[in-house]
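Notes for the one structure printed next.
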Amino acid sequence: MKTPKLGLLLLMGCFGLTAGILGQSVGGVAYPEGYRAWTHVKSMIVEKGHPLFELVGGLHHIYANSRAMQGYQANPRVFPEGAVIVFDLLEPVVGNNAVVEGKRKAVIVMEKDSRRFAATGNWGYAVFEGDGRRAVEINVNSCYECHKGAANTDFVFSSFRP
Ligand code: HEC
């Protein structure tokens with residue numbers, strides 16, 4: 001096994017992950033092939049001092065597949081089976097009076113499937129190594145526990161920016 005890079009180790013630490021790189025899927029959630037061509041939901045830069053900093057400090061973009069877009073636009077907001085949402089986490093690089101996108105730190109995924117993921121609010125949770133596409137072992141309950149805070153919007157925190 002390749003030695004994980006420092007950034008990955010830090011990220012794994014942040015997620016309370018046990019050391020270990022799995023295959024291209026984890027807990028039944030597959031790498032979201034082609035997500036860069038999906039709908040961009042929103043972006044955010046999480047800086048030091050923000051409650052999410054330890055977990056996902058950096059620049060992230062959120063992407064939704066077409067089923068997830070149905071969920072973002074539904075009222076009340078309920079996501080259909082097969083909805084996949086990607087949290088694409090990049091290193092922000094500051095310089096020349098600009099913030100630009102640096103290397104990818106992780107590809108973080110939620111997939112709606114009430115049959116397979118009933119125990120975690122009908123959503124599967126997974127984290128993939130930056131550009132390596134390999135799944136990182138996570139404690140899905142830690143994801144679920146925090147995402148319960150968005151239970152009234154089907155466990156999804158973000159909203160689509162029109
Ligand atoms: C401490 C709380 C917390 C934990 C723990 C957490 N998240 Fe999130 N997550 C958030 C918040 C807040 C957002 C919304 C960010 C935004 O609006 O840009 C979010 C957004 C997401 C999104 C985009 C969909 C959405 O809900 O907006 C995915 C995918 C995601 N998280 C996956 C995970 C996974 C996988 C884990 C576990 C490894 C995890 N999260 C752990 C708080 C958390």
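When a residue number appears, it is its place in the shown sequence, counting from 1.
Shown here for Ser158 and Val41, the closest heavy-atom pair between the two residues is OG-CG1, 4.4 Å. Looking at every heavy atom in both residues, Pro80 comes nearest to Gly71 through CD-N, 3.9 Å. Closest heavy-atom contact between Ala83 and Asn65: CA-OD1, 3.7 Å. For the residue pair Pro92 and Val99, the shortest heavy atom distance occurs at CB-CG1, 3.9 Å. When every heavy atom of Ala64 is checked against every heavy atom of Met69, the shortest pair comes out as CB-SD, 3.8 Å.
Applying the salt bridge (charged side-chain N to carboxylate O under 4.0 Å, His left out) definition to pairs two or more places apart or across chains, those involving residues 139-162 are Lys112-Asp154, Glu145-Lys148. Applying the salt bridge (charged side-chain N to carboxylate O under 4.0 Å, His left out) test to every pair with at least one member in residues 75-91, sequence neighbours left out, gives these pairs: Asp88-Arg104. Judged as a ring-ring contact (aromatic ring centres under 6.0 Å, His included), the pairs with a partner in residues 75-109 (not counting sequence neighbours) are, in order, His60-Phe87, Tyr72-Phe79, Phe79-Trp123.
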_Candidate pair Phe117 and Tyr125, rule side-chain contact (heavy atoms from CB on, under 4.5 Å), full reasoning_ = CA-CA 9 Å; Phe117 308 123; Tyr125 291 87; over 6 Å; no

*Please lay out, stage by stage, how Val84 and Trp38 fare under the test side-chain contact (heavy atoms from CB on, under 4.5 Å).*
CA-CA 10 Å; Val84 179; Trp38 296 358; 3.7 Å; yes

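For the pair Met44 and Val46, the minimum side-chain heavy-atom distance is below 4.5 Å. Under the 4.5 Å side-chain criterion, counting only non-hydrogen atoms from C-beta, Phe160 is in contact with Gln73. The shortest side-chain heavy-atom distance between Val156 and Ile85 falls under the 4.5 Å cut-off. Looking at Arg133 and Phe128, their side chains never come closer than 4.5 Å, going by heavy atoms from C-beta outward. Between Val86 and Ile62, every side-chain heavy-atom pair lies at or beyond the 4.5 Å cut-off. Within the 4.5 Å cutoff, the side chain of Tyr35 has heavy atoms near those of the Val107 side chain.
Applying the salt bridge (charged side-chain N to carboxylate O under 4.0 Å, His left out) rule to Arg67 yields no partners; only residues at least two apart in sequence or on another chain are considered. For Phe157, the ring-ring contact (aromatic ring centres under 6.0 Å, His included) partners two or more places apart in sequence, or in a different chain, are His147. Residues forming a side chain to side chain contact (heavy atoms under 4.5 Å, CB included) with Glu101 (at least two apart in sequence, or on another chain): Leu59, His61, Leu90. Applying the side chain to side chain donor-acceptor pair (under 3.5 Å) test to His50 and every residue at least two apart in sequence or in another chain returns nothing.
Between the CD1 atom in Ile108 and the SG atom in Cys143 there is a gap of 8.5 Å [rounded to 0.5 Å].
Grouping Ile, Leu, Val, Met, Phe, Trp and Tyr by side-chain contacts under 4.5 Å, direct or through others, puts Val100 with Val93. The hydrophobic cluster around Val78 extends to none of the other residues, as no ILVMFWY side-chain heavy atom falls under 4.5 Å of it.
The backbone N or O of Arg115 sits less than 3.5 Å from a side-chain atom of Asp113, completing a donor-acceptor pair.
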